[in-house]
Q: 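Quick one: the structure is below, questions incoming.
Computation of the quantities below employed the complete heavy-atom set of this structure, encompassing side-chain atoms and omitting hydrogens, waters and symmetry-equivalent molecules. Predicted model, so just to flag it, every value in this text is computed and none were measured. Order of the sequence lines sets the chain letters (A, B, ...), proteins ahead of strands, with each chain counted from 1.
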Amino acid sequence: MVEVDMGQERVTFERVLVEPRWNPQAIEPKWQARWEEAGLHRVPDDDPRPKWYEMTMYPYPSGDLHIGHWYAMAPSDAHARFRRMQGYRVLHPMGFDAFGLPAENAAIRHGIHPFTWTMNNIERMRKQLRSIGAIYDWTREVNTCLPEYYKWNQWLFLQFYKHDLAYRTRAPAVWCPSCQTVLANEQVVNGRCERCDTPITRREMEQWFLRITKYAEELLDFSGLIDWPERIITMQRNWIGRSEGVEVGFSIAHLGVQEKEVRVFTTRIDTIYGVSFLVLAPEHPLVPKLTTPERRAQVEAYVENARRQSDIERLSTEREKTGVFLGTYCVNPFNGERVPIFTADYAVAWYATGAVMGVPAHDQRDFDFAQKFGLPIPVVVAPPGWDGQPLTQAWEGPGVLVNSGPFTGMPSQQAKTAMADYAERQGIGRRAVVYRMRDWLISRQRYWGTPIPVVYCDACGMVPVPEKDLPVLLPLDAQFKPTGESPLLYHEGFLRTTCPQCARPARRETDTMDTFVDSSWYFLRYVSPHDTQRPWDPELVLRWLPVDQYTGGAEHAVMHLLYSRFFVKALRDMGLLHFSEPFLRLYNQGVITYLGEKMSKSRGNVVPPDPYVQRLGADTVRVYLMFLGPWEKGGDWSVSGINGATRWLNRVWEVFRRPSSALGGKPVNEASRRALLRKLHQTIKKVYNDLDRFQFNTAISALMEFTSALQDAWERGDVGADLWEEAVEKGILMLAPIAPHIAEELWEQTGHPFSVHTQPFPRWSEALAAAETVTLVVQVDGKVRDRIEVPADLPEEEAKRLALQSANAQRQLNGRKVQRVVFVPGRMLVNIVTVPAP
RNA sequence: GCCGAGGUGGCGAAACGGCAGACGCGGCGGACUUAAAAUCCGCUGGGGCACCGCCCCGUGUGGGUUCAAAUCCCACCCUCGGCACCA
């Protein structure tokens, strides 16, 4: 017997779950087999109807489908089905993000090969995914760990390389000691590894990068999108972090080193007369060169200490400023003043030039530093009402320049322009734009990923593998080390190769690609997943792309979504694609929790959907998840809550199957007929518009009301057989995208030919949906005092007259004088505004 | 610290300038039953009364705009996400 943890007590399903009465255990497999057999979800490419490409983020095959997957997939399937019923040819594919570290960890821990582990998981998950009853066309499944897919990762890498968008360089990289690999900056969260939460360290090594920064400016342009959440756009904008300013050189020509100046970047060129020191990041290459012999020991100790500190320590905002004087000076190009040079870890090496001009009066960080080291704090931008006294904190706002040579007296905004112009004229600086975003580090020192198709030859150096030799296969006979080192490092058969240029012995690159490379273009592969000649069929890409609607979790805001946008723009510039944005509309569903906590294996509170599906049916689980609340907000899984879904479907099963012939011989009552017809059309309108906008919860509540209306009509027995049949038929059609199996069964049992899922969604008539009588709301001074049933087309004058006559309103008017009567057209509301009687 | 989203019954929520709490969960009462489950019916924001109805209060807090505010504006408090020494 299946047990479920309900907080304190453990309860059996038998005791808490309402029994479904439509036998989902029988009808769901029956219809799934029938759909399969009829090829109902096969998506032909030559369908002339308008296309709709609706995609859900593909899952990582971790082993079992959990309720979070269902929450992502069931509602998006309902939406895709709705689009299909609206008359689109819909592509709603599914695949597996099959490369990644968990497979390798399983190999190290349990001795099972990543390939076996992954393929077993995929097989299990495919079965579970089928149980959702979604319209996935499984002939289009994409599996990124198969050579037929990753071959094209390698091919794309070569195209990027050819176009100077992939390069290799030695750079300090973020290293996760637990995952034993470098990470992209995007994969670091608060100084910890995004995947395993281990504090990261830094390592200098040869790495492969993709030149995403070349597209920084275009990636900031979101105008090609139709509908994206504003917060995702904001997060991307912040991530890219564009700053406009001026890069200026502070001369060090007198020090006799090779470099003639230290370049700094500033957004506040207007404060340059207030510079009283210069700060270089500890990793700045000029630090050793500009250190005097007597300072060397101290500086080296500081730099070494900074290097050893973890990012978490270095990043903490509240710590006191530290730093060391190098013993040398540079020259301020604007006023010729001598400026002492420090190194301090509040300057970060990778941003802009890695050097900061210290303007303590106008930057709080510089102010703190200057105070600590007793440096002068000259004011060059007067704060409002400034009395000439020393500042107690930095003034970072605008103002009028003082003590700034020829620029004195200018407002800061104007001074910025004038001083930038001056710097450019004098050749001491230039306007510059810098970005926070850095190039995308794609190499991983792991086995279970796409091998980077490059060989190293002693004679020819680094040589890309020719396209005809792809794929570079990942060897399956790998030995996994408990140390976590990549088996590729020791695999002779993989390592030894010959140089494609000179045919002499050469060595293969052992790094593999970040799995985000796989997901940066998988939406292109779905259109021709088995093409062996090219990554995608350009004809079909023209026919299907871009993706019209993408849905998935918000956790991919900056990584996957930004990388995909970059890929599409880069491939467009190579002439391989005809569009600039991969995903026109984006919708982020919320997170499903259990007992108020995020589900996770470590907490042991992961809700497995399978027992519920087996017992209550996929339709029930679908309905419950969609009814829970707004999709974007997520919600808490509750065992008692799902009973609401079962009860409703039981009622639907019971009521929709009542034959019109058994309606009872009562004479037809026109008012009853009109009432049911009106409810029907109101429901169609509501469900249509709600499904259109992912508002599943209110769509279902409308269908629940409609079910009750049908039930009432049945009990009255006076609506007529024809209307009863029409109402039931349209009710089933509205149910079809939400609960596809029970809808199909009802469709058959009510005498309709297969299949309900090839039918158009019902349309409503505004005239029939319009109410005949409405409630006239009578307010006195904004408070509701009476409600009167009136004809919907009651003229304004009549409404006002009725309102003033209302006994309840009259009572309120006692001793007061009517000042004004407000009528709200289209609302049937009258507000009587009064003043005290004289 | 900065940016964004959000605070509505016992709970999930709906309404997004015009009847606050639709729909559902839970609870209470009733019908059916030997009994229980299931099902069906009724009630369910708080308080008051001269209780078949009516009145007062009520959408995080305080102000404002409006004939009318959960909804718009300002300030503050709290919760959740993102960024965080970015020059």
Q: Taking pairing as Watson-Crick or G-U wobble with both contacts under 3.5 Å, can you name the mate of rA84(B), or confirm there isn't one?
A: none
Q: Taking CG from Asp363(A) and P from rC85(B), how many angstroms apart are they, rounded to a whole number?
A: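 After rounding, the gap between these two atoms is 13 Å.
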Q: For rA75(B) versus rC3(B), give the span between their P atoms, rounded off to a whole number of Å.
A: 12 Å
Q: Taking the P atom of each, how far is rA38(B) from rG29(B), in whole Å?
A: 15 Å
Q: Tell me: CD of Gln711(A) to C1' of rC40(B), nearest whole Å?
A: 9 Å
Q: rU79(B) and rC40(B): how far apart are their C1' atoms, nearest whole angstrom?
A: 42 Å
Q: Taking Tyr612(A) as the fixed residue, which of Ile642(A), Thr620(A), Ile67(A) is the one that meets the side-chain contact (heavy atoms from CB on, under 4.5 Å) rule?
A: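 Option passing the side-chain contact (heavy atoms from CB on, under 4.5 Å) with Tyr612(A): Ile642(A).
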Q: Tell me every residue that passes ring-ring contact (aromatic ring centres under 6.0 Å, His included) with Trp350(A), counting only those two or more places apart in sequence or in another chain.
A: none
Q: Tell me whether the OP1 or OP2 atom of rC57(B) has a side-chain N or O from Lys783(A) closer than 4.0 Å.
A: yes
Q: Are side-chain N/O atoms of Tyr302(A) and Thr322(A) paired as donor and acceptor at under 3.5 Å?
A: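 Their side chains do contain a donor-acceptor pair, which is all the 3.5 Å distance test asks for.
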Q: What's the CZ-C1' distance between Arg237(A) and rC3(B), to the nearest Å?
A: 12 Å
Q: Would you say Thr234(A) reaches rG82(B)'s phosphate, i.e. side-chain N/O to OP1/OP2 under 4.0 Å?
A: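 Negative; the distance criterion is not met.
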Q: When the C1' atoms of rU66(B) and rC72(B) are considered, how many whole Å apart are they?
A: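 Approximately 10 Å lies between the C1' atom of rU66(B) and that of rC72(B).
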Q: Heavy atoms under 4.0 Å is the rule here; annotate nucleotides 10-31 of chain B 5' to 3' with B where the base is hit, S where only the sugar-phosphate is, and - elsewhere.
A: --BSS---BBS-BBSSS-----
Q: Quick one: Arg816(A) CZ to rC67(B) P, roughly how many Å, whole number?
A: 15 Å
Q: On RNA chain B, does the nearest nucleotide to Arg231(A) precede the nearest nucleotide to Tyr351(A) from the 5' side, or the other way round? Give the residue.
A: Arg231(A)
Q: Polar-atom pairs under 3.5 Å, protein N or O versus N or O of nucleotides 50-54 of chain B: list them with distances, or write none.
A:
residue, atom, partner, partner atom, Å
rC54(B), OP1, Asn808(A), ND2, 2.8

Q: Just by distance, with hydrogens left out, do Trp637(A) and Thr593(A) show a side-chain donor and acceptor under 3.5 Å apart?
A: no
Q: If the plane angle is over 60° it's perpendicular, under 30° parallel, otherwise tilted; pick one for Tyr346(A) and Phe369(A).
A: tilted
Q: Atom CH2 of Trp239(A) to atom C1' of rA84(B): distance rounded to whole Å?
A: 11 Å
Q: How far does the C1' atom of rA14(B) sit from the matching atom of rG53(B), given to the nearest Å?
A: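 Result for the C1' pair: 28 Å, nearest Å.
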Q: Under 4.0 Å, counting only non-hydrogen atoms across every strand here, what does Val356(A) touch: a base, just sugar-phosphate, or nothing?
A: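 Base, at least one base heavy atom under 4.0 Å.
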Q: Which nucleotide, in any strand shown, forms a Watson-Crick or G-U wobble pair with rC54(B), with both distances under 3.5 Å?
A: rG48(B)
Q: Contact class for Arg436(A) (heavy atom, under 4.0 Å): base, sugar-phosphate, or nothing?
A: base
Q: Kindly say whether Gly641(A) contributes a backbone atom to a donor-acceptor pair with the side chain of Ser638(A) at under 3.5 angstrom?
A: yes
Q: Taking atom C1' in both rG45(B) and rA20(B), compute the distance separating them and give it to the nearest angstrom.
A: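 To the nearest whole Å, 10 Å.
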Q: Just do the side-chain hydrogen bond (donor to acceptor under 3.5 Å, both in side chains) check on Gln25(A) and Arg615(A) with the steps written out, would you?
A: CA-CA 7 Å; Gln25(A) 294 83 356; Arg615(A) 204 175 154 75; over 6 Å; no
Q: Heavy-atom count around Glu789(A) CD within 6.0 Å, excluding the residue itself: above 12?
A: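 Count over threshold, so yes.
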Q: Can you classify the ring geometry of Phe334(A) versus Tyr273(A) as parallel (below 30°), tilted (30 to 60°) or perpendicular (above 60°)?
A: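 Judged by the thresholds at 30° and 60°, the geometry between Phe334(A) and Tyr273(A) is perpendicular.
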Q: Measure from NZ or CZ of Arg657(A) to the centre of the six-membered ring of Trp653(A), then state whether that distance is under 6.0 Å and the direction lies within 45° of the axis.
A: yes
Q: Report the distance from atom CD of Glu244(A) to atom P of rA87(B), rounded to the nearest whole Å.
A: 12 Å
Q: Output the rounded distance in Å from CD1 (Ile233(A)) to C1' (rG4(B)).
A: 13 Å
Q: Is Arg622(A) positioned over the aromatic face of Trp70(A), cation under 6.0 angstrom from the ring centre and no more than 45 degrees off axis?
A: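 Pair Arg622(A)/Trp70(A) does not count as cation-pi.
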Q: Closest to the Asp345(A) side chain: rA87(B), rC67(B), rC85(B)?
A: rC85(B)
Q: Mind telling me whether Trp631(A) and Tyr71(A) have parallel, tilted or perpendicular rings, with 30° and 60° as the class edges?
A: perpendicular
Q: Any strand is fair game: report the nucleotide pairing with rC67(B) by Watson-Crick or G-U wobble, both distances under 3.5 Å, or none.
A: rG18(B)
Q: Does rC23(B) fall in syn (glycosidic angle within 90° of 0) or anti?
A: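 Anti, which is what one calls it when the glycosidic angle falls more than 90° from 0.
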Q: In this structure, how many angstroms lie between the P atom of rG82(B) and the CG atom of Asn588(A), rounded?
A: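 Going from Asn588(A) (CG) to rG82(B) (P), I get 13 Å.
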Q: Is there a Watson-Crick or G-U wobble partner for rC28(B) with both distances under 3.5 Å, and if so, which one is it?
A: rG42(B)
Q: Between rU71(B) and rC19(B), how far apart are the P atoms? Round to whole Å, please.
A: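 It comes out at 13 Å once rounded to the nearest Å.
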Q: In the strands shown, is rA75(B) matched to any nucleotide by a Watson-Crick or G-U wobble pair with both distances under 3.5 Å, and which?
A: rU61(B)
Q: Under 4.0 angstrom, heavy atoms only, what part of the nucleic acid is Trp350(A) near: base, sugar-phosphate, or nothing?
A: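 Base, at least one base atom sits under 4.0 Å.
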Q: What interatomic distance, in whole Å, is found between C1' of rC28(B) and the corresponding atom of rG10(B)?
A: 13 Å
Q: Both distances under 3.5 Å, Watson-Crick or G-U wobble: report the partner of rU33(B), or none.
A: none
Q: Pick one for rG9(B): is it syn, with its angle within 90° of 0, or anti?
A: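 With its glycosidic angle within 90° of zero, rG9(B) counts as syn.
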